[in-house]
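A short write-up of the structure that comes next.
Computed over heavy atoms, backbone and side chain alike; hydrogens, waters and symmetry mates excluded. Each chain gets a letter, A, B and so on, in the order its sequence line appears, and its residues count up from 1.
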2 protein chains.
Amino acid sequence: MKILIVEDEPSLREIMVRTLTREQYVVEQAADYASASDKIAAYDYDCILLDIMLPDGSGLRLLEELKKRRNRAGVIIISARDSLDDKIEGLELGADDYLPKPFHLAELSARIRSVLRRHQRDGYECLEAGNVRLWPDSRRVEVDGRPLELLRKEYDILHYFMARPNHTVDKAALAEGVWGDHIDQVDNFDFVYAQMKNLRRKLHDAGADIEIRAVYGFGYKLVRP
Amino acid sequence: MKILIVEDEPSLREIMVRTLTREQYVVEQAADYASASDKIAAYDYDCILLDIMLPDGSGLRLLEELKKRRNRAGVIIISARDSLDDKIEGLELGADDYLPKPFHLAELSARIRSVLRRHQRDGYECLEAGNVRLWPDSRRVEVDGRPLELLRKEYDILHYFMARPNHTVDKAALAEGVWGDHIDQVDNFDFVYAQMKNLRRKLHDAGADIEIRAVYGFGYKLVRP
DNA sequence: CTTCGACAATCAATATCTTCATAGGTATAC
DNA sequence: GTATACCTATGAAGATATTGATTGTCGAAG
């Protein structure tokens with residue numbers, strides 16, 4: 001799950017990043033309107049935390065832009081101005097939630113979970129492939145009804161595949177989706193290989209009847225052999 | 001395919017028997033620990049549906065006994081007690097699956113199919129062509145009882161042919177089946193030729209009495225010369 | 001603040017796959 | 001029968017993927 005934090009105050013931004021990272025999200029940040037806009041154009045986020053007061057423009061304008069581009073990310077507006085007008089305008093522009101400053105980090109987490117759940121791409125509750133089932137809400141995986149313990153990245157990767165049935169995914173997109181934007185100028189995919197190896201072993205050992213195949217020179221594909 | 005139902009409640013047992021009979025299984029039943037134990041000792045089952053709470057003993061003990069005797073039947077534990085402990089203990093004792101009461105009959109069927117498949121007696125356990133045998137689950141191949149080492153694509157190709165006996169397959173379909181859908185707009189089949197060459201050599205060197213023939217302008221066919 | 005342990009990334013050594021250049025086959029027309 | 005165009009096969013070279021061992025990182029516990 002990828003989250004973008006748009007917030008100009010560094011200390012608040014930092015603490016948000018730390019909190020959400022600890023909660024297993026892939027977190028990226030932007031300090032102003034311009035860079036936020038760039039990132040949103042370039043990458044795919046599941047949720048965007050949007051401060052309204054930015055040094056170089058209003059977050060509401062960014063929100064407008066977002067909706068115009070039909071971005072699928074859920075948006076939570078964050079604002080110190082506890083004015084009802086802002087809230088109303090934000091929600092009318094299509095924000096999913098509104099969080100007035102100051103807020104508790106626990107509250108932030110709860111709102112995010114709620115938005116993500118509501119926004120979950122196709123309203124699925126449980127993803128299924130072969131005898132493997134995956135619950136995005138609880139980050140749980142089962143093979144033939146028995147629980148399968150996966151580490152963070154392993155889970156993220158499996159989720160990425162299962163959310164895109166019958167899709168051959170290219171390595172760069174996978175890396176970007178699971179790891180985040182810092183992957184862009186990377187020259188090798190060793191870290192993908194390493195995770196892939198572990199995930200494959202666990203799936204196999206657990207008796208899964210699906211497997212992740214390499215597509216030479218491109219990426220991977222989840223198949224039922 | 002023989003299934004034993006160990007369940008003391010008559011009405012539930014009956015409906016299970018009817019359902020599974022309709023699905024072409026050979027179904028037998030036992031209402032208590034003693035008769036279940038007798039039946040298991042006397043006959044060979046492919047799958048055993050085991051209620052944990054029995055009037056004269058715990059199904060878990062029966063499971064233990066089963067494993068001690070190295071019985072090959074797949075076991076699905078059924079229990080009203082939805083306690084995690086039971087589930088864990090059952091799976092640790094070697095059950096193949098766990099189904100909490102109440103359950104849908106469709107779910108039961110699905111679990112049974114899954115267990116049977118995993119136990120490799122359902123459908124094919126092994127594909128055969130000439131003196132070549134191939135086990136899809138373990139990705140193993142033997143020629144005249146001698147193991148044959150194949151690389152990934154080589155195995156995939158052989159499997160593709162053996163799963164379609166006496167079938168002339170066209171190259172595009174083969175490529176799509178083995179490599180995936182990104183092959184669609186490809187301008188040459190050099191990669192197929194290369195793999196084919198290696199597979200053929202290995203089959204020949206191993207003394208296989210089958211061979212893959214080219215069908216000019218179309219594809220390939222697996223034949224016994 | 002330090003230590004520990006779990007997890008993730010890196011590195012180096014193979015293993016595997018495709019591409020390329022080239023050669024050999026097969027069908028059809030003349 | 002031979003010429004021609006198109007298929008198919010082959011070996012070697014280069015590109016990509018996999019693996020196990022090693023090293024780094026971070027949060028939690030002491």
Note: B:D51-B:K101 ion pair, threshold 4.0 Å (strictly below):
yes
Using the ring centroid of each side chain, check whether B:F191 and B:W179 are separated by less than 6.0 Å.
yes
Using OP1 and OP2 only, check whether a side-chain N or O of B:Y193 sits under 4.0 Å from D:dA9.
no
Nearest-Å distance, CG (A:L151) to P (D:dG27)?
16 Å
State whether B:R200 places a side-chain N or O below 4.0 Å from either non-bridging phosphate oxygen (OP1 or OP2) of D:dA9.
yes
Which whole-number value in Å describes the distance from A:F189 CZ to D:dT16 P?
11 Å
Tell me whether the OP1 or OP2 atom of D:dC7 has a side-chain N or O from B:Y220 closer than 4.0 Å.
no
Is the distance from OP1 or OP2 of C:dT18 to the nearest side-chain N or O of B:W179 less than 4.0 Å?
yes
Separation of A:H204 atom NE2 from D:dT19 atom C1', in whole Å?
16 Å
Examine the base of D:dA17 for any acceptor or donor lying under 3.5 Å from a partner atom in the side chain of A:Y216, and report the outcome as yes or no.
no
Nearest whole Å is fine: how far is C:dG25 P from B:R213 CZ?
15 Å
Should the pair A:E176-A:K171 be classified as a salt bridge under the 4.0 Å nitrogen-to-oxygen rule?
no
For B:R152 and C:dT14, give me the distance from atom CZ to atom P, rounded to whole Å.
17 Å
Using a cut-off of 4.0 Å on non-hydrogen atoms, how would the nucleic acid contact of A:A194 be classed: base, sugar-phosphate, or nothing?
base
Integer-rounded Å distance: D:dT18 P and A:F191 CZ
14 Å
Answer with base, sugar-phosphate or nothing: what part of the nucleic acid does A:Q195 contact at a heavy-atom distance below 4.0 Å?
sugar-phosphate
Between P on C:dT22 and CG on B:N188, what's the gap in Å once rounded to a whole number?
16 Å
Mind checking B:V215 for me? I need base, sugar-phosphate or nothing, with any heavy atom below 4.0 Å counting as a touch.
sugar-phosphate
Which part of the nucleic acid, if any, lies within reach of A:K197 when heavy atoms closer than 4.0 Å are counted: base, sugar-phosphate only, or nothing?
base
Taking NZ, NE, NH1 and NH2 as the nitrogens, is one of them in B:R139 or A:E211 under 4.0 Å from a carboxylate oxygen of the other?
yes
A:E23 CD - D:dG27 P separation (whole Å):
13 Å
Just N and O in the side chain of A:R22: are any of them under 4.0 Å from OP1 or OP2 of D:dG27?
no
Can you tell whether the side chains of A:R140 and A:E142 come within less than 4.0 Å, N to carboxylate O?
yes
